[in-house]
Every structure is written in C-alpha cells, then in structure tokens.
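Numbers here simply count residues along the sequence, with the first being 1. When reading the values below, keep in mind they use all heavy atoms of this one structure, side chains included, and skip hydrogens, waters and symmetry mates.
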Amino acid sequence: MTGDQITGLIMLFGMITVIFVGFPISFTLLFLAMVFGWIGLGLELTFNLTYLQIWGTMKDEVFPAVPLFIFMGFMTEQAGLMERLFGALRNLLAPVRGALYLAVILTATIFAMATGIVGAAVTVLGIMAAPMMIKAGYDARLSSGAIAAGGTLGILIPPSVMLVVMGPTMGVPVNLLYSASFGPGFLLASLYIIYTLGRSFMNPSLGPPVPKEDRVTDPLVLIKEFIVGVLPLALLIGFTLGTILAGMATPTEAAACGASGATLLALCYRKLTFTALKNAAIMTMMTAGVVILLAVASNVFGAVFTKLGTAQVITQTLAGIPLPDMGKLIVIMIAVFLLGWPFEWPAIVLVFMPIVLPVVEGLQLGLSKLELLIWFGALIAVNLQTAFLSPPVAMSAYYLRNVVPQWSLGTIYRGMGDFMIIQVICLTIVILFPDIVLWLPRSLR
C-alpha cells in the first residue's frame, strides 16, 4: 500500500473511532476529510474536492424532494391523519385478539407511504397506542417492539427519504428504487403481523381483544370513521406515489404535489393553523438540514477517501475474497448489518456503499446490471431497518421512551430485538427470492 492509501485507511478507522465516542457524524466526516486530505493530497486539491462535492450536491435535482417529502410527513402529522387512521383501524379490528398490534402495524404501514419520517411515526404511535395497550393489559415487550419496528417502516416503504438519497449515489432512477421497495416493505410488515398475531393467539394474555366497553359497535359510525380516516390519506398516497411510479412526475414534482395535498387535507380537517404550519416548517428545516448536511459531509469524505486510493484497495480486497458471488454478497450484507449498529443510514449509503458498488456490479447472479443494482438497493434498505432498532444508536428506543416513560429502555430494547430477528428473516427471503423486489420494476419498464 502507498502512503496515501495508508492515510485513507487511518482516516476510515479514525472516523469509526470518533463516531463510537459520540461525536456528531456530519462534523466528524468534514473535519477528518479536511485534515487527512490536507496531509495526503495537499490543501489546494482538498479544497477543490470539497468545493466540487458541495456544488454537485446543490445542483442535484433529486435532493429538493427531501425537504418536500419531509414537510408532507410533518403536515399529515399536524393534520391528525395518523390519529384518525389508527382510530378507524382500532375500532374495526377491536374484537380480534392482538387487535392493537394489528392496528399499530397497519397504521404504520399505511402512514409510511405518506411520510418517511421515523421519529414522527414512532412518537405518534407511542402517544396513541401505548396507553391503550397498557390499559388493555398488552405485553410491554411485544407492544414496544411492535411500535418501534412498525414506525421504522417509513425508511423502507416509499416515499422513503433514504431511497431518494440512495438513487443518485447508485446511479439508479428513484422511481425504480421506489417500485422495488414495495415488495420487501409489505413482506416485512406481513411478517410483523404474523408474529404478533401468532403470539397473541398462542397466549391470549399477550394481546387480548379491545375491552367491550371501549368498542364502537354502530356500523354507520365504523363506516364513517373508515371513510374519513382512511380514504383521504389513501388518495394522497395514490396520487403522490402513483405519479412517480408511472413516470408522470419526477420525485421532486410529486413531492411538491404531496406537500400541497397534505396542506390541503389539513385545511379540510380544520387543522391548518398558523402554529401547525410553523411547527411543520421548523421541523422540516431541522430534519432536512441534518439529512442534507450529512449528504454533503459524506460526499466530501467519500471524495477525499477515493482520491487517496484506499477505496480501490478495499474494493479489490472484497472482490478477491475466495467465495462465490452469492457469498460475496452475503459478506457485504453482514458488513452493512454491523455498520448499522453505530452508524446512521446517510453515512452508510453515502460513504460505504460507493466502496462496495464496483464489487456488486461485477457479481454474476443471473441479473442485468440495472436489475442487480435495484435488487442490491432494496437489500440495503431492508438491512438498514436494523439501524433504528440496534443499540447503541437505536433512535426508535429513545423516541418511544420519551413518550412512554412506563416502559423501561431494557424492555424496549428486548422488544426491538425480537423484531430485528424478523428483519434478518425478511432480508434472507429477499436474498433468496429476488423476484420479490424485481417484479414491479420489471412491469413498469
């Protein structure tokens, strides 16, 4: 290895070490890129690389979709659409064992198609469902796991912000990544439902039906709640995602329409106050700022890392592993799974994914290059679900703990651990059966 390559390797291990200590990822990436770039490449070249990466990110036509989709999610939250949806499903499913588990996961799945904001989904589900679950005598471990895992579906099911960022990184159209993620997303939600209902039917004390005194029995009321709570959100989702999948609009154009539609729904539900609009705007700026700063920092770090030549060394090492092509893919998935514990998804997608992409493109697995990349992108998305459920980061645990202090962090971690096993099972199924990912992209091409 050359001196520059060794410098890049030290930079990589330095990043992992510093982030483990607890420093913010964005500033860590920028600082290390500038310092090690100056050492290995010189000040002028490092400055030029930094300038070009920042300017390139600013010019990317896909990134404006990030704040628009985030605003759409926060506005639907301010409009109370999630509460209406959960209430309608809870009342419809009340007589069923494990009804609240089922209502939580179905609400999370449907709402994931309106927003990719994990924190908002877990928080609102915790506020709505946890008190009902505690009152009905539901198991705390299983309940916390269902809420935390269900809330993370927004990172996988479109319009996921992660997929918007992943598309340009991989050179794959975002609409194809969106279409590829529906199969794994619904499969994962179905596995959650099978697990929670199966546990409830085997042990009724874990998830009894909703108490009779808390049920709504009037059929007209149930129908009205379903129409008011589900239909408007379904139309918003269908319009936003349908135009992307059909190729009628770019993700940015569809995101703008979705943000406008969510604002209009808030107006129709008489929830569009100045305070609600201000809160949605502030939360959008904060969340989008974090994501885009991470994207810029990761691009700068990746450019310096690649210019030092270390990325090529790691790629060649991975390609030279004496394993069949499927074995190499599994090694990459294990590495991503482990990286998901200390790192958030932007660092993995924007720093580590470009390192392994040349290896993935060279795999001979009976798929075209585009299909291989689409499949790989979906595998990464499923894999990174674990980033929100795995300690020490495990942001879903802290979101839930803040709104449900009755459940200890230990209980929440144990509940999330059960659902992490389900995520690994889902990832294994998607690896073994690529058609789960590829059937919709193939039909849309």
Under the criterion side chain to side chain contact (heavy atoms under 4.5 Å, CB included), I'd like the reasoning laid out for M166 against M353: C-alpha separation, chi angles, the key distance, then a yes or no. CA-CA 9 Å; M166 189 185 294; M353 185 181 286; 4.0 Å; yes
List the steps, then state whether side chain to side chain contact (heavy atoms under 4.5 Å, CB included) holds for I332 with L379. CA-CA 10 Å; I332 292 172; L379 292 177; over 6 Å; no
Set out, in order, the CA-CA distance, both residues' side-chain angles and the distance that settles side chain to side chain contact (heavy atoms under 4.5 Å, CB included) for K278 and I282, then state yes or no. CA-CA 6 Å; K278 183 181 74 172; I282 291 173; 3.7 Å; yes
Intermediate values then yes/no, side chain to side chain contact (heavy atoms under 4.5 Å, CB included), M75 and T284: CA-CA 9 Å; M75 187 51 67; T284 297; over 6 Å; no
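With sequence neighbours left out, the side-chain hydrogen bond (donor to acceptor under 3.5 Å, both in side chains) criterion links N203 to S205. For K135, the salt bridge (Lys or Arg N to Asp or Glu O under 4.0 Å) test picks out D214, with sequence neighbours left out. Under the salt bridge (Lys or Arg N to Asp or Glu O under 4.0 Å) criterion, D139 pairs with no residue, sequence neighbours left out. Listed by chain and number, the residues in a ring-ring contact (aromatic ring centres under 6.0 Å, His included) with F182 are F186 (sequence neighbours excluded). With sequence neighbours excluded, no residue forms a salt bridge (Lys or Arg N to Asp or Glu O under 4.0 Å) with R97. Residues satisfying the side chain to side chain contact (heavy atoms under 4.5 Å, CB included) test with M283, not counting sequence neighbours, are F74, M286. Residues passing the side chain to side chain contact (heavy atoms under 4.5 Å, CB included) test with S298 are L29, L350, V351, sequence neighbours excluded. Looking at residues two or more places apart in sequence or on another chain, you find a ring-ring contact (aromatic ring centres under 6.0 Å, His included) between Y192 and F419. For R199, the side-chain hydrogen bond (donor to acceptor under 3.5 Å, both in side chains) test picks out Y195, with sequence neighbours left out. Listed by chain and number, the residues in a salt bridge (Lys or Arg N to Asp or Glu O under 4.0 Å) with D325 amount to none (sequence neighbours excluded).
Minimum heavy-atom separation, A65 to A255: O-CB, 4.0 Å. Between G137 and P208 the shortest heavy-atom distance is O-CD, 4.5 Å. L68 and A256 get closest at one heavy-atom pair: CD1-N, 3.8 Å. Minimum interatomic distance between V104 and A146 (heavy atoms only, all atoms of both residues): CG1-O, 3.9 Å. Shown here for V122 and A148, the closest heavy-atom pair between the two residues is CG2-O, 4.0 Å. Across I70 and V161, no two heavy atoms sit closer than the pair CG1-CG2, 4.0 Å.
Inter-residue side-chain proximity for I348 and V336 is flagged as met; some heavy-atom pair is nearer than 4.5 Å. Using a 4.5 Å heavy-atom cutoff, the side chains of I157 and T109 are in contact. Residues L12 and I314 have side chains in contact (heavy-atom distance under 4.5 Å, counting atoms from C-beta outward). When side chains are defined from C-beta on, L233 does not count as touching R84, because their heavy atoms never get closer than 4.5 Å. Residues Y269 and P232 form a side-chain contact, since some pair of their non-hydrogen atoms from C-beta on lies under 4.5 Å apart. By the 4.5 Å heavy-atom criterion applied to side chains, F71 and L277 are counted as neighbours. Q423 places none of its side-chain heavy atoms less than 4.5 Å from the side chain of L191. At a threshold of 4.5 Å between non-hydrogen side-chain atoms, the residues L323 and I330 do not count as touching.
Note that CE of M420 and CG of L427 are 11.5 Å apart. Values are rounded to the nearest 0.5 Å. Once rounded to the nearest 0.5 Å, the distance linking OG of S181 with CG of L440 reads 10.0 Å. Considering CD of Q385 and OG1 of T152, their distance stands at 4.0 Å, rounded to 0.5 Å. Between the CE atom in M72 and the CG atom in L265 there is a gap of 9.0 Å [rounded to 0.5 Å]. The structure places OG of S143 at 8.0 Å from CD1 of I134, a figure rounded to the nearest 0.5 Å. The CE atom of M162 sits 5.0 Å away from the CD1 atom of I155 when rounded to the nearest 0.5 Å.
Residues in residues 133-176 take part in these ring-ring contact (aromatic ring centres under 6.0 Å, His included) pairs, two or more places apart or across chains: Y101-Y138. Residue pairs satisfying the ring-ring contact (aromatic ring centres under 6.0 Å, His included) criterion with at least one member in residues 139-178, sequence neighbours excluded, are absent.
Looking at T196, its side chain does come within 3.5 Å of a backbone N or O of I193 through a donor-acceptor pair. When atom types are taken as modelled, the side chain of S144 and the backbone of R141 share a donor-acceptor pair closer than 3.5 angstrom. Although no hydrogens or angles enter the test, the distance criterion places a donor-acceptor pair under 3.5 Å between the side chain of R401 and the main chain of P405. Using a distance-only test at 3.5 Å, with no hydrogens or angles considered, a donor-acceptor pair links the side chain of T315 to the main chain of I355. Side chain of T243 to main chain of T240: a donor-acceptor pair is present (N/O by atom type, distance under 3.5 Å, no hydrogens or angles). Judged purely by atom type and a 3.5 angstrom limit, W375 uses its side chain to pair as donor or acceptor with the backbone of V430.
The side chain to side chain contact (heavy atoms under 4.5 Å, CB included) test with I244 is passed by exactly one of T250, N175, V174: N175.
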